[in-house]
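One structure is given below, encoded as structure tokens.
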Amino acid sequence: MSDKKPTHPDTKLVQSGRRKEWLRGMVNVPVSRTSTVLFESIEQMHAGYPPEDGRLSYGRNGTWTQWSLAEALTELEPGAAGTRLFPSGSAAVAIALTSVLSPGDELLMVDSAYGPTRLFCDRELKRLGISTRYYDPLATPEELAALLSDNTRAIFMESPGSLTFEVQNVPGICAMAKERGLTTLLDNTWATSFFFLAIEKGVDLSIVACTKYVSGHSDLMMGAVTAAPSHFERLSRTGRSFGQYVSPDDAYLAARGLRTLGVRLRQHELGAVKVAHWLKDQPQVALILHPAFDECPGHEHWRRDFSGSSGLFSFALKGGDEAARDRLVDSLELFGIGYSWGGFESLAVPADVDQLRTAARRQYPGPLVRLHIGLEDPDDLIADLATALADYPAS
Ligand SMILES: Cc1ncc(COP(=O)(O)O)c(C=O)c1O
């Protein structure tokens, strides 16, 4: 590959991480499996330490297969110092938080965070003497500043929020945090750095569950944290200390997914916007919670900060109850019922959030359904939804 760094995201997706010495004549960086690395001499063995990406030392520290993926993810984020890979998105969240918090610290956590992220705070961080306070995802930077205590060390954002899709004012919150010496973390899984440049917007630690769009094929679990220069060393040290590692086979698959992230995301976007527009006109539907729709809370932040929208959104039904909503989801034929999202296939799940929120409970006109719009023809998905909605009780 040439030394001139590409600047456009699509070109970066194709070129990044493909160093000549790692490709060794092939198009893709091959899978290199190992635990032991053999050295020519003790001197060479010592030269492998301390471990760092690009220097063979021991299997847990990776080979070119993992380094190449990490480098490609870093290059997608202008201003980033590096990326660490983790065996799941949740592991990435847990280690990123652990890398910045110490006993006695307080964390401000967005109320619309992914459920297991909340559980990690409420159980594990609590056990370590770190307290968590939840805040409304629509809080302005000023409102958030008013919540800070002397012990607040970090602010965690997830934008848009899980299930309810509130879009946060990430640049505003980061600027406020920076003035006060606080660390900012963002779960950027919905947009990925293809649609939202987290580090450039001021985020210190940007987390992506590669399980979703980076992999894109619902066949692996992985997480990544991309860090600003101020936070990369500590993140790396914590990840290594906790023995975090991803297999070269998974890294290869994730890198293969990454090469087509741009075309897939744009196709997910087209399909999701089309389905959401159709849903908006249906008499059984009350509200579309899709960041690109002006009725979605925080839509103005999406319009200002994002370069696109992905395939995941929710809608609120008009009236009816959870049982009727569940029957509707059960009756869909082209949508799978299952956790996760970001693969090529469409999914539908009931989205019940009351139990998951403590700082900002919003009222919705009826039960919520979350859809992941895959790469099928949206007209087929619309026909499937039309059949299911026809049986939904009119309010
Ligand atoms: C927004 C978000 N963040 C993080 C995760 C965790 O990723 P993983 O399932 O790879 O642990 C998920 C999983 O659904 C998610 O939706």
Side-chain angles (χ1 to χ4, degrees), residues 60 83-137 139 144 147-159 161-164 168 173 177 181-190 198 203-212 220-228 230-247 250 339-341 352-361:
R60 199 175 58 237
T83 298
R84 301 293 312 167
L85 302 175
F86 296 93
S88 69
S90 291
V93 167
I95 299 293
L97 283 168
T98 309
S99 76
V100 296
L101 295 166
S102 302
D105 286 348
E106 180 187 72
L107 167 70
L108 283 190
M109 168 60 69
V110 67
D111 205 34
S112 51
Y114 175 57
T117 297
R118 286 184 81 106
L119 282 183
F120 177 75
C121 298
D122 296 345
R123 292 177 179 165
E124 308 313 325
L125 289 184
K126 186 173 177 201
R127 198 169 50 80
L128 298 173
I130 298 158
S131 58
T132 301
R133 211 139 42 99
Y134 291 92
Y135 68 89
D136 186 333
L144 215 47
L147 290 180
L148 302 174
S149 74
D150 288 346
N151 296 331
T152 310
R153 202 62 60 219
I155 302 175
F156 191 105
M157 298 162 278
E158 183 181 316
S159 182
S162 273
L163 302 173
T164 45
Q168 295 191 251
I173 293 171
L182 306 175
T183 294
T184 49
L185 305 95
L186 171 74
D187 185 328
N188 195 25
T189 301
W190 181 85
V203 172
D204 295 317
L205 292 166
S206 172
I207 301 154
V208 168
C210 302
T211 309
K212 322 292 177 194
L220 69 88
M221 305 290 300
M222 194 184 293
V225 185
T226 299
S230 52
H231 284 71
F232 185 58
E233 206 179 305
R234 185 124 170 223
L235 170 76
S236 290
R237 199 184 71 205
T238 311
R240 288 188 206 283
S241 300
F242 278 87
Q244 298 293 297
Y245 166 82
V246 305
S247 82
D250 285 347
Y339 295 116
S340 204
W341 44 278
D352 294 323
V353 290
D354 264 4
Q355 306 291 327
L356 292 171
R357 306 284 193 256
T358 50
R361 281 207 180 94

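Side chains included, hydrogens not; waters and symmetry mates left out as well; all remaining heavy atoms used.
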(message) For the backbone of Ala154 and the side chain of Thr183, can you confirm whether one donor and one acceptor N or O come within less than 3.5 Å of each other?
(response) no
(message) Please check: side-chain N/O of Ser162 versus main-chain N/O of Ala113, any donor-acceptor pairing under 3.5 Å?
(response) no
(request) Give the minimum heavy-atom separation between Thr132 and Leu125, together with the two atoms involved. (result) OG1-CD1, 4.3 Å
(request) Taking the side chain as every heavy atom from C-beta outward, state whether Leu144 and Leu108 have any pair of such atoms under 4.5 Å apart. (result) yes
(request) Begin from the C-alpha positions of Ser159 and Trp190 and carry the test side chain to side chain contact (heavy atoms under 4.5 Å, CB included) through to its verdict. (result) CA-CA 8 Å; Ser159 182; Trp190 181 85; over 6 Å; no
(request) Considering non-hydrogen atoms only, spot the tightest contact between Ala139 and Ile173 and give its length. (result) O-CD1, 4.5 Å
(request) Answer yes if the side chains of Lys212 and Ser340 hold a donor-acceptor pair under 3.5 Å, and no otherwise. (result) yes
(message) Less than 4.5 Å apart, side chain to side chain, heavy atoms only: is that true for Met221 and Pro87?
(response) no
(message) Distance check, rounded to the nearest 0.5 Å: Leu356 atom CG versus Thr117 atom OG1?
(response) 11.0 Å
Listing, residues 91-104 side-chain donor-acceptor contacts under 3.5 Å, not counting sequence neighbours, or none:
residue : atom : partner : partner atom : Å
Thr98   : OG1  : Ala94   : O            : 2.6
Ser99   : OG   : Ala96   : O            : 2.7

(message) I'd like to know if Arg361 and Asp111 make a salt bridge, using a cut-off of under 4.0 Å between side-chain N and carboxylate O.
(response) no
(request) Please answer whether the main-chain N or O of Val110 pairs with a side-chain N or O of Glu158 as donor and acceptor at a distance below 3.5 Å. (result) no
(message) Which heavy atom of Leu220 sits nearest to which heavy atom of Met222, and what is that distance?
(response) CD1-CB, 3.7 Å
(message) Check Glu106 with Arg133, please: is the shortest side-chain N to carboxylate O separation under 4.0 Å?
(response) yes
(request) Please lay out, stage by stage, how Leu119 and Tyr114 fare under the test side chain to side chain contact (heavy atoms under 4.5 Å, CB included). (result) CA-CA 9 Å; Leu119 282 183; Tyr114 175 57; over 6 Å; no
(message) To the closest 0.5 Å, what do you measure between CG (Asp352) and CG (Asp354)?
(response) 8.0 Å
(message) I'd like to check the side-chain contact (heavy atoms from CB on, under 4.5 Å) partners of Thr164; sequence neighbours left out, ordered by chain and number.
(response) Ser112, Glu166, Val353, Arg357, Tyr364, Leu368
(request) Mark yes or no for whether Thr238, through its side chain, and Arg234, through its backbone, hold a donor-acceptor pair below 3.5 Å. (result) yes
(message) Could you tell me if the side chain of Leu107 sits less than 4.5 Å from the side chain of Cys121, heavy atoms only?
(response) yes
(message) Counting only heavy atoms from other residues, nucleotides and ligands, does the tally under 6.0 Å from CD of Glu233 exceed 12?
(response) no
(request) Give a yes-or-no answer on whether the side chains of Ser149 and Asn151 include a donor-acceptor pair shorter than 3.5 Å. (result) no
(message) Quick check: do Met157 and Tyr135 have side-chain heavy atoms less than 4.5 Å from each other?
(response) yes
(message) Contact between Phe232 and Val225 at the side-chain level, heavy atoms closer than 4.5 Å - yes or no?
(response) no
(message) If you define the side chain from C-beta out and look only at heavy atoms, does anything of Phe156 sit under 4.5 Å from Ile207?
(response) yes
(message) Whether the side chain of Gln244 engages the backbone of Leu85 through a donor-acceptor N/O pair (distance < 3.5 Å, no angle test) should be reported.
(response) no
(message) What I want to check is whether the side chains of Arg118 and Thr358 have a donor and an acceptor closer together than 3.5 Å.
(response) yes
(message) Nearest 0.5 angstrom please: Phe242 CZ to Arg237 CZ, how far?
(response) 11.0 Å
(message) Restricting to salt bridge (charged side-chain N to carboxylate O under 4.0 Å, His left out), what partner residues turn up for Asp204, sequence neighbours left out?
(response) Lys178
(request) Provide the closest heavy-atom pair for Val203 versus Leu205 in the form atom of the first, atom of the second, distance. (result) CG1-O, 3.3 Å
(message) To check you understand the geometry: which heavy-atom pair defines the closest contact between Asn188 and Ala198, and what is its length?
(response) ND2-CB, 4.1 Å
(message) Quick one, Arg240 and Arg60 - any side-chain contact, counting heavy atoms below 4.5 Å?
(response) no
